[in-house]
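Presented below is the structure to which this report refers.
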Amino acid sequence: MENNVIVDKTKHFALQIIKTYNYLSQNKKEFIMSKQLMRSGTSIGANVREAQRAQSIPDFYSKMNIALKEAEESLYWIELLQESGTIKNESMESLYSECEEIVRLLVSITKQQNK
């Protein structure tokens with residue numbers, strides 16, 4: 001798993017999500033959306049990591065597709081946190097961009113299953 005871009009990016013993203021969750025729950029007393037973001041945002045990397053030890057090629061793509069769905073869900077929660085005014089847009093722009101990049105990578109990976 002050394003030098004694996006998607007593994008590295010999703011782990012970094014999960015760490016950023018954990019920091020964001022801690023901030024939102026401790027400073028903003030926001031527990032519902034932040035918990036959902038925590039769950040989906042950390043699940044991306046967990047599924048990517050599981051895919052690295054997949055039992056078969058279909059298993060690999062299944063895990064990567066789940067990771068993609070979790071990334072899309074994370075984008076949704078970030079949007080809700082921004083648009084509801086719970087957290088300032090500037091604070092979430094980096095997180096949103098990072099998640100969009102992960103989505104693009106996962107789309108690219110999962111498209112390979114049809115080739």
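Start at 1 with the first residue, then count along the sequence.
- Atoms CD and CZ, from Q36 and R39 in turn, are 5.5 Å apart once rounded to the nearest 0.5 Å.
- In terms of heavy atoms, Q26 sits closest to K29 at O-NZ, 2.9 Å.
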Show the atom names and distances, to 0.1 Å, of all donor-acceptor pairs under 3.5 Å that link a side chain in residues 58-69 to residues at least two apart or in another chain.
from : atom 1 : to   : atom 2 : distance (Å)
D59  : OD2    : Q55  : N      : 3.0
N65  : ND2    : Y61  : O      : 2.9
N65  : ND2    : Q113 : OE1    : 3.0

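- Using a 4.5 Å heavy-atom threshold, the side chains of V48 and N4 count as separate.
- In the hydrophobic cluster analysis, where Ile, Leu, Val, Met, Phe, Trp and Tyr join through side-chain heavy atoms closer than 4.5 angstrom, I18 is grouped apart from F31.
- For OH of Y76, the number of neighbouring non-hydrogen atoms (other residues, nucleotides, ligands) closer than 6.0 Å is 12 at most.
- When atom types are taken as modelled, the side chain of T42 and the backbone of M38 share a donor-acceptor pair closer than 3.5 angstrom.
- Residues that satisfy the salt bridge (charged side-chain N to carboxylate O under 4.0 Å, His left out) test with E30, not counting sequence neighbours, are absent from this structure.
- For the atom pair I6 CD1 and E101 CD, the distance stands at 8.5 Å (nearest 0.5 Å).
- Taken to the nearest 0.5 Å, the CG atom of L81 stands 9.0 Å off from the OG1 atom of T20.
- For the atom pair OG of S84 and CH2 of W77, the computed distance is 10.5 Å after rounding to the nearest 0.5 Å.
- To the nearest 0.5 Å, the span separating CD1 on I44 from CD on E73 amounts to 9.0 Å.
- The two residues I102 and F13 make their nearest non-hydrogen contact at CD1-CB, 3.5 Å.
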Intermediate values then yes/no, side-chain contact (heavy atoms from CB on, under 4.5 Å), L75 and E72: CA-CA 5 Å; L75 286 174; E72 286 289 352; 3.8 Å; yes

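- Remark: K11 engages no residue in a salt bridge (charged side-chain N to carboxylate O under 4.0 Å, His left out) (not counting sequence neighbours).
- Residue N47 holds its CG atom at 9.5 Å from CG of L106, rounded to the nearest 0.5 Å.
- Shortest non-hydrogen contact noted between I78 and C99 is CD1-CB, 4.5 Å.
- Linking Ile, Leu, Val, Met, Phe, Trp and Tyr whenever their side-chain heavy atoms come within less than 4.5 Å leaves I32 and L95 in two separate clusters.
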